[in-house]
Structures are given as structure tokens and as C-alpha cells.
Amino acid sequence: MKTIIFLIFLLMVSCKNNKTNKTETEFNIIPITTSSKEAKKYFEEARYLVQNGINGNPIEQYEKAIKLDSTFVRMYNFISIYSPNDSIKKLNHELAKKYTHLVSKEEQILVDATEFRLNNPEDIYEEKLFELAKLCPSDKYLHHTISFLLFRKNPNLAIKAGEKSVALDKNYGSGYNILGYAYINNVELDKAEEAFDNFIKSEPENGNPYDSKADLMLQLGKYNEALKLKQKAFELDSSFDWIPEEIIEIKEKIDSLDNR
């Protein structure tokens with residue numbers, strides 16, 4: 001009898017240490033399994049910063065989350081997808097793999113998909129992630145991730161995922177952003193402009209949508225409009241330290257055209 005009670009106690013402790021949000025599974029989105037509500041909060045902050053183009057490498061949020069939960073598979077996996085450094089991608093993927101037995105089947109598929117991508121860097125289909133999207137059709141963040149991974153390599157599929165993300169949430173600014181770049185790479189520039197306009201409407205105080213639309217205006221040769229947008233972006237977010245040099249270049253281009 002004592003042995004049975006002890007085993008039940010161990011099971012309860014294990015479940016407590018790694019909580020999967022049942023509500024997330026019920027609503028067809030990927031669970032975020034973690035022992036810490038604070039760690040989950042830092043994960044969500046990092047996701048917002050990265051996907052919205054505010055901070056592409058939010059180390060502070062990464063470190064705080066992992067300090068609170070050293071087995072936080074979802075955070076390790078997120079870093080392995082979005083980090084700009086290949087060595088860091090691989091290191092965090094290995095850490096995610098180490099603890100996959102602690103998380104949901106959906107999160108395990110995420111890790112498996114990353115494993116495939118790292119071993120097959122030229123893959124342009126992300127079939128494992130599209131399979132996961134069938135299991136979690138309401139996860140706008142997953143559709144964004146697919147679009148992010150494919151917007152250069154396979155813009156048609158990236159558009160499919162991006163359009164799904166904004167259909168799920170009409171105010172999902174970063175969904176419009178990645179969709180806009182997928183449209184650009186698919187030479188659908190009118191649709192790209194509409195997507196960036198929707199990004200601006202969704203997040204008018206974020207500098208990134210103005211910067212994104214400015215990139216499109218430059219491609220269209222609309223330099224005066226691009227200049228105003230770049231200035232607006234930098235006014236809203238001075239951490240965009242590449243913009244002052246771009247503003248100089250745009251002004252020089254406008255001057256050269258005016259003096260022809």
C-alpha cells in the first residue's frame with residue numbers, strides 16, 4: 001500500500017513540474033509546457049518581440065525563462081528556429097531534444113521538424129510543420145513560423161501559411177508582416193502593400209510596419225513615400241540603427257532624380 005501511495009505521489013510531482021495547458025490543446029493550439037508561469041510569460045514576450053520585428057534576438061527574455069525552467073523545451077525550440085546564429089540554433093536544439101519526453105506530442109513534433117530542417121537545410125516544404133498545423137489549425141503563431149521559414153525559399157507555401165495566420169486573427173500585425181514579404185518574393189506587390197497597410201493599422205505605434213512598407217516603396221521606386229515611412233519608423237523606434245544610413249541614401253537618390 002505504501003509503495004502505491006509513493007508512486008502516486010511521484011506521478012503528481014512529475015505532473016506539477018511540467019504543466020501542459022489543457023485549454024491550449026482543446027483550442028487546437030500548441031501547448032506551452034513549463035513548470036513556471038513566469039517562464040511562460042517571458043517566452044510569450046520573446047515571441048512577440050521577435051515576430052513583430054522589435055527585437056530579433058531578445059536574450060534577456062531567453063535567459064530569464066530558462067533560468068526559471070531549465071527544461072523549457074518550447075523556449076529552446078523557439079531559439080533554435082529564430083536565432084540568427086547557427087551554432088546557437090544547434091546548441092538549443094540539442095537542449096530541446098534532451099527534454100522532449102517532458103512535453104506534449106505537439107511540442108515533440110516541433111522539435112522533430114527542427115531536427116529535419118537542420119539536417120536538410122535546402123528543404124522547401126516544411127512537411128512536418130504542415131502536419132502539425134493540421135493538428136493545431138488554430139495556432140496563428142505556428143502558421144507565422146511556417147511562413148517565416150518559407151517566405152524566401154517557397155513563397156507560395158509561405159503565403160498559404162501567412163494568410164491562415166491573419167485569417168485567425170485580423171489584428172495579428174506580425175502575421176501581416178511576414179505575409180507581405182512572402183507576397184514580395186512572389187511578385188504580388190499590390191497584395192504586399194495591402195498586407196503592410198494592415199500591419200500599420202494593427203500596430204500604429206510600432207516602427208517596424210512603417211519600415212517594412214518603406215522597403216516595398218523603395219522596390220516600387222516611390223522614394224519620397226519611402227523616405228517618409230523610414231523617418232516615421234525611426235521616430236517610433238530609434239533602436240532601428242540601420243535607418244539613418246538608409247535615409248541618407250534615399251535622399252541622395254531623390255536628389256539625383258530631381259537633378260536629371
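Count residues from 1 along the sequence.
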Please examine the side chains of [Y] and [X], heavy atoms only from C-beta on, and report whether any two atoms are closer than 4.5 Å.
X: Phe72; Y: Ile32; value: yes
X: Leu91; Y: Tyr76; value: no
X: Lys90; Y: His93; value: no
X: Leu149; Y: Leu129; value: yes
X: Tyr176; Y: Lys170; value: yes

With a 4.0 Å cut-off, would you call [X] and [Y] a salt bridge?
X: Lys128; Y: Glu115; value: no
X: Lys97; Y: Glu94; value: yes
X: Asp123; Y: Arg117; value: no
X: Asp211; Y: Lys230; value: yes
X: Glu194; Y: Lys191; value: no

(request) Without swapping roles, check the side chain of Ser147 against the backbone of His144 for a donor-acceptor pair under 3.5 Å. (result)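 Checking the backbone N and O of His144 against the side chain of Ser147, no donor-acceptor pair under 3.5 Å is found.
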(request) Report yes or no: is the cationic atom of Lys160 (NZ for Lys, CZ for Arg) closer than 6.0 Å to the six-membered ring centre of Phe130, at no more than 45° off its axis? (result)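 Here Lys160 passes the 6.0 Å and 45° test against Phe130.
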(message) Measuring centre to centre across the rings, with the benzene-like ring taken for any Trp, is Phe78 within less than 6.0 Å of Phe43?
(response)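 Yes, they do, as the ring centres are separated by less than 6.0 Å.
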(request) Give a yes or no on whether the ring-centroid distance for Tyr48 and Tyr141 is below 6.0 angstrom. (result)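 Tyr48 vs Tyr141: aromatic centres not under 6.0 Å.
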(request) Starting from the C-alpha separation in whole Å, work towards a yes-or-no answer on side-chain contact (heavy atoms from CB on, under 4.5 Å) for Glu188 and Ile159. (result) CA-CA 10 Å; Glu188 296 181 71; Ile159 288 168; 3.5 Å; yes
(request) Quick one: sort the His101 and Tyr99 rings into parallel, tilted or perpendicular, breaks at 30° and 60°. (result)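 The arrangement is tilted - the two ring planes meet at 30° to 60°.
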Does a donor on one side chain and an acceptor on the other come within less than 3.5 Å for [X] and [Y]?
X: Ser239; Y: Asp237; result: yes
X: Glu163; Y: Tyr183; result: yes
X: Tyr82; Y: Thr145; result: yes
X: Ser36; Y: Asp69; result: no
X: Glu107; Y: Thr100; result: no
X: Thr114; Y: Asn77; result: yes
X: Asp215; Y: Tyr181; result: yes
X: Asn186; Y: Asn156; result: yes

(message) Between Glu225 and Lys213, is the salt bridge (charged side-chain N to carboxylate O under 4.0 Å, His left out) condition met? List the steps.
(response) CA-CA 9 Å; Glu225 189 170 348; Lys213 186 175 179 181; 3.7 Å; yes
(request) Measure the spacing between CD of Glu203 and OG of Ser174 and express it to the nearest 0.5 Å. (result)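 Glu203 atom CD to Ser174 atom OG measures 6.5 Å (nearest 0.5 Å).
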(message) What verdict does the side-chain contact (heavy atoms from CB on, under 4.5 Å) test give for Val166 and Leu179, after you've listed the backbone C-alpha separation in whole Å, the side-chain angles of each residue and the deciding distance to 0.1 Å?
(response) CA-CA 9 Å; Val166 297; Leu179 179 58; 4.1 Å; yes
(request) Please report the C-alpha distance between Leu220 and Leu189 in whole Å, then the side-chain angles of each, then the deciding distance to 0.1 Å, and finally whether the side-chain contact (heavy atoms from CB on, under 4.5 Å) criterion is met. (result) CA-CA 9 Å; Leu220 293 172; Leu189 303 186; 3.5 Å; yes
(message) Between Ile250 and Leu218, is the side-chain contact (heavy atoms from CB on, under 4.5 Å) condition met? List the steps.
(response) CA-CA 8 Å; Ile250 295 169; Leu218 288 173; 3.8 Å; yes
(request) Give a yes or no on whether Ile146 and Tyr125 share a hydrophobic cluster (residues Ile, Leu, Val, Met, Phe, Trp, Tyr; joining criterion: side-chain heavy atoms under 4.5 Å apart). (result)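 Yes, it is one cluster - the side chains of Ile146 and Tyr125 are joined through contacts under 4.5 Å.
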(message) So if I apply the side chain to side chain contact (heavy atoms under 4.5 Å, CB included) rule between Ile79 and each of Ile66, Asn57, Leu95, which one comes out positive?
(response)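 The option that passes is Ile66.
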